[in-house]
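Proteins come first, then strands; the chains are lettered A, B, ... in the order of their sequence lines, and each starts at number 1.
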Amino acid sequence: MNSNKIPIICIVGPTASGKTNLAIDIAKKTGSEIVSADSMQVYKEFNISTAKPTLKQMSEVRHHCIDIVSVRENFSVVKYISFAKKTIKDIFSRGKVPVLCGGTGLYIDSLIKNVPFEKGETNIFIRNKILKYMDENGTNYFFNKLKKIDPDSAKKININDCKRICRAIEFYYTNGYPIYRQTQNTLKSDSCYNVCKIGLSFKDRSILYDRINKRVDLMVQNRILDEVYSIKNIGDTAKFSIGYKEFLPFINGQGSLNECIGKLKMETRRYAKRQITWFKRDLGTRWFNVDEYENTQDLFIDVWKYIFNSGILN
RNA sequence: GGGAGAUUUCCCGAGCGGCCAAAGGGGGCAGACUGUAAAUCUGUUGCUUCUAGCUUCGGUGGUUCGAAUCCACCAUCUCCCA
């Protein structure tokens with residue numbers, strides 16, 4: 001146990017696995033606060049679609065990194081990290097062990113691994129020009145350019161991955177050195193947190209998928225469509241939110257509502273799959289199969305035992 | 001009642017005598033992921049004792065060296081005329 005590191009309890013897992021409730025139970029038990037790690041719950045206007053904790057839940061346990069920007073603004077990992085780092089420090093300074101909870105793997109890993117995001121604010125204008133060029137003329141020109149300025153990254157990035165090619169080039173020209181070096185530096189640097197990581201998973205994938213489908217039905221009942229209608233001038237990062245873009249065909253008269261709901265369920269399931277792939281990578285995570293427990297109380301008891309025995313609270 | 005057309009691997013859909021276990025897309029499964037990440041991208045997807053063999057293209061029979069592809073009948077569906 002490294003004493004000069006801030007201890008964190010971290011809950012990860014796919015969407016609809018029950019992270020929110022588990023985190024709240026843990027925070028109540030330890031008298032602590034929750035730091036969300038969710039790239040879409042940061043937006044004030046998304047409530048139903050992001051399955052945010054309820055107002056009641058948020059009044060019982062303090063939540064952070066939720067409702068911090070408008071969908072009109074662009075958000076990114078960097079903004080998240082600077083916000084989350086301060087928050088975690090603050091919670092710890094008040095004698096509590098923060099509970100980090102969320103489904104955005106990139107945000108969690110970047111935070112925990114201490115990724116050194118430096119100067120070089122993204123130039124959206126240039127980025128969009130490069131992406132537009134690749135969309136119209138193929139990736140060859142920029143991929144070859146990348147091979148020259150950052151051959152290591154070119155080896156790792158697939159020739160069809162426009163966004164990563166674009167980012168690597170953008171990185172080089174704003175920072176003056178290859179993005180590959182940043183990755184290497186991160187691997188060398190030490191985390192400033194001491195993390196007890198808990199993952200929620202399912203022995204039977206179909207049970208998770210079933211929960212997702214039901215959750216979407218519930219969102220529809222809770223008038224997710226009104227939420228979509230109420231959003232005006234959405235920005236470039238929020239517009240990709242699952243639960244927003246799927247309803248656009250209906251709103252534009254290009255599809256039935258049922259088709260959109262079906263698509264939303266499907267996209268959510270696929271998202272869950274990607275989350276599982278991401279989180280599985282971290283060998284330090286202690287996994288709990290949700291579908292092996294009779295109820296959430298039993299699950300909580302086991303999780304709590306694990307947290308307690310980990311020594312993170314000492 | 002008469003006429004025209006359809007039936008393909010989990011789904012949609014191409015194939016119209018050999019190069020077809022069958023294009024392409026979707027989904028599933030697996031993977032990647034360092035300033036858009038709920039984004040983006042990759043691999044794989046009939047079975048097996050897997051550099052080969054076996055069983056598939058509504059059903060049954062036939063033509064042919066050879067059929068998902070041609071013929072006959074049957075079944076189901078769609079459309080058109082009554």
Atom pairs, N/O to N/O, protein against nucleotides 9-12 of chain B, distance under 3.5 Å?
none

Listed pairs, N/O of protein and of nucleotides 23-27 of chain B, under 3.5 Å:
{"residue": "B/rG27", "atom": "OP1", "partner": "A/Arg270", "partner atom": "NH1", "Å": "3.1"}

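Atom P of B/rU69 sits at a distance of 30 Å from the matching atom of B/rG1, rounded to the whole Å. With both ends at atom C1', the span from B/rU8 to B/rG25 equals 15 Å, rounded to whole Å. Rounded to the nearest Å, the gap between the C1' atom of B/rG43 and that of B/rU60 is 41 Å. Atom name C1', nucleotides B/rA22 and B/rG13: the rounded distance is 12 Å, in whole Å. Nucleotides B/rA52 and B/rC19 have their P atoms positioned 15 Å apart, rounded to a whole Å. Taking atom P in both B/rC10 and B/rU56, one finds a spacing of 14 Å when rounded to whole Å. Nucleotides B/rU45 and B/rU64, compared at atom P, are 38 Å apart to the nearest Å. Taking the C1' atom of each, B/rU63 and B/rG53 are spaced 28 Å apart, rounded to whole Å.
Checked by atom type, the side-chain pair A/Asp204/A/Ser206 shows a donor-acceptor distance below 3.5 Å. A donor-acceptor contact closer than 3.5 angstrom links the side chains of A/Asp302 and A/Tyr293. No hydrogens or angles considered: a donor-acceptor pair under 3.5 Å links the side chains of A/Lys85 and A/Asn114.
Between A/Thr186 and B/rU34 there is no side-chain N or O to OP1 or OP2 distance below 4.0 Å. Neither OP1 nor OP2 of B/rA37 sits under 4.0 Å from any side-chain N or O of A/Ser76. The shortest distance between the side-chain N/O atoms of A/Lys280 and the OP1/OP2 oxygens of B/rG31 is below 4.0 Å. Contact between the side-chain N/O atoms of A/Arg205 and the OP1/OP2 oxygens of B/rC29 is found at a separation under 4.0 Å. Side-chain nitrogen and oxygen atoms of A/Lys273 include at least one within less than 4.0 Å of the OP1 or OP2 phosphate oxygen of B/rA30. OP1 and OP2 of B/rU42 both lie 4.0 Å or more from every side-chain N or O belonging to A/Arg164. At B/rU36, none of the side-chain N or O atoms of A/Tyr107 fall inside 4.0 Å of OP1 or OP2 (strictly under the cut-off).
Nearest-nucleotide mapping onto RNA chain B: of A/Cys162 and A/Arg127, the residue sitting toward the 5' end is A/Arg127. Each of A/Asn128 and A/Lys245 lies near RNA chain B, and the nucleotide nearest A/Asn128 is the one positioned closer to the 5' end.
Considering only heavy atoms from C-beta on, A/Ile34 stays 4.5 Å or farther from A/Ile11 through its side chain. Inter-residue side-chain proximity for A/Val71 and A/Tyr244 is flagged as unmet; no heavy-atom pair is nearer than 4.5 Å.
In this structure B/rA4 sits in a base pair with B/rU78, meeting the Watson-Crick or G-U test at under 3.5 Å. Pairing for B/rG46 is with B/rC54, a Watson-Crick or G-U wobble pair whose two hydrogen-bonding atom distances lie under 3.5 Å. Using the Watson-Crick or G-U wobble rule with both distances under 3.5 Å, B/rU9 pairs with nothing in any strand shown. Pairing for B/rG66 is absent, with no Watson-Crick or G-U wobble pair whose two atom distances lie under 3.5 Å. Nucleotide B/rG31 has B/rC41 as its partner under the Watson-Crick or G-U criteria, with both atom distances under 3.5 Å. In this entry B/rA21 has no Watson-Crick or G-U wobble partner, no candidate having both defining distances under 3.5 Å. Applying the Watson-Crick and G-U wobble criteria (two distances, each under 3.5 Å), B/rA72 pairs with B/rU60.
Distance A/Leu131 CG to B/rU36 C1': 9 Å, rounded to the nearest Å. Rounded to an integer number of Å, the gap from CD1 of A/Ile112 to C1' of B/rU34 is 14 Å. Distance, A/Leu106 CG to B/rA39 C1': 10 Å, rounded to whole Å. One interatomic measurement links the two molecules: CD of A/Gln182 to C1' of B/rU34, which rounds to 6 Å at whole-angstrom precision. A straight line from CG of A/Leu111 to C1' of B/rU34 spans 13 Å, rounded to a whole angstrom. Computed from coordinates, the A/Lys265 NZ to B/rA38 C1' distance equals 18 Å when rounded to whole Å. Rounded to an integer number of Å, the gap from CD1 of A/Ile179 to P of B/rU40 is 18 Å. For A/Met219 and B/rA38, the CE to P distance is 14 Å, given to the nearest whole Å.
Within the cation-pi definition used here (under 6.0 Å to the ring centroid, within 45° of the axis), A/Arg286 qualifies as a partner of A/Phe288.
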side-chain contact (heavy atoms from CB on, under 4.5 Å) assessment of A/Glu227 paired with A/Glu45: CA-CA 8 Å; A/Glu227 181 172 292; A/Glu45 293 90 337; over 6 Å; no
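Using bins of under 30°, 30° to 60° and over 60° for the plane-to-plane angle, the ring pair A/Phe75/A/Tyr107 lands in the tilted bin.
For residues 35-52 of chain A, proximity to RNA chain B is found at A/Asp38, A/Ser39, A/Met40, A/Ser49, A/Thr50, defined as any non-hydrogen atom under 4.0 angstrom from a strand atom. Contacts between residues 153-161 of chain A and RNA chain B, counted as heavy-atom distances below 4.0 Å, involve A/Lys156, A/Asn158, A/Asn160, A/Asp161.
Scanning for side chain to side chain donor-acceptor pair (under 3.5 Å) contacts around A/Thr277 gives A/Lys273, with sequence neighbours left out.
Listed nucleotides B/rU34, B/rA32, B/rA38 differ in distance to A/Ile242; the shortest reach to its side chain belongs to B/rA38.
Checked against a 6.0 Å centroid threshold, the rings of A/Tyr172 and A/Tyr177 do not count as neighbours.
Remark: the backbone N or O of A/Ile112 is paired with a side-chain donor or acceptor of A/Ser191 at under 3.5 angstrom. The backbone N or O of A/Ile159 lies less than 3.5 Å from a partner atom in the side chain of A/Thr139, making a donor-acceptor pair. No donor-acceptor pair under 3.5 Å is formed between the side chain of A/Glu267 and the backbone N or O of A/Leu264. A/Asn295 contributes a side-chain N or O that, together with a main-chain N or O of A/Asp298, makes up a donor-acceptor pair within less than 3.5 Å. Distance alone, capped at 3.5 Å, is enough to place a donor-acceptor pair between the A/Lys52 side chain and the A/Phe46 backbone.
Screening residues 8-23 of chain A for side chain to side chain donor-acceptor pair (under 3.5 Å), with sequence neighbours left out, gives A/Thr15-A/Arg215, A/Asn21-A/Gln57.
Put simply, A/Leu218 and A/Val220 are part of two different groups of oily side chains (I, L, V, M, F, W, Y) that touch within less than 4.5 Å, one to the next.
Closest approach of A/Arg223 and A/Asp226 over heavy atoms only: NH1-OD2, 2.7 Å.
Within the 4.0 angstrom heavy-atom criterion, base atoms lie near A/Leu187. Using a 4.0 Å heavy-atom distance criterion, A/Val77 is classed as a sugar-phosphate-only contact. Using a 4.0 Å heavy-atom distance criterion, A/Thr104 is classed as a sugar-phosphate-only contact.
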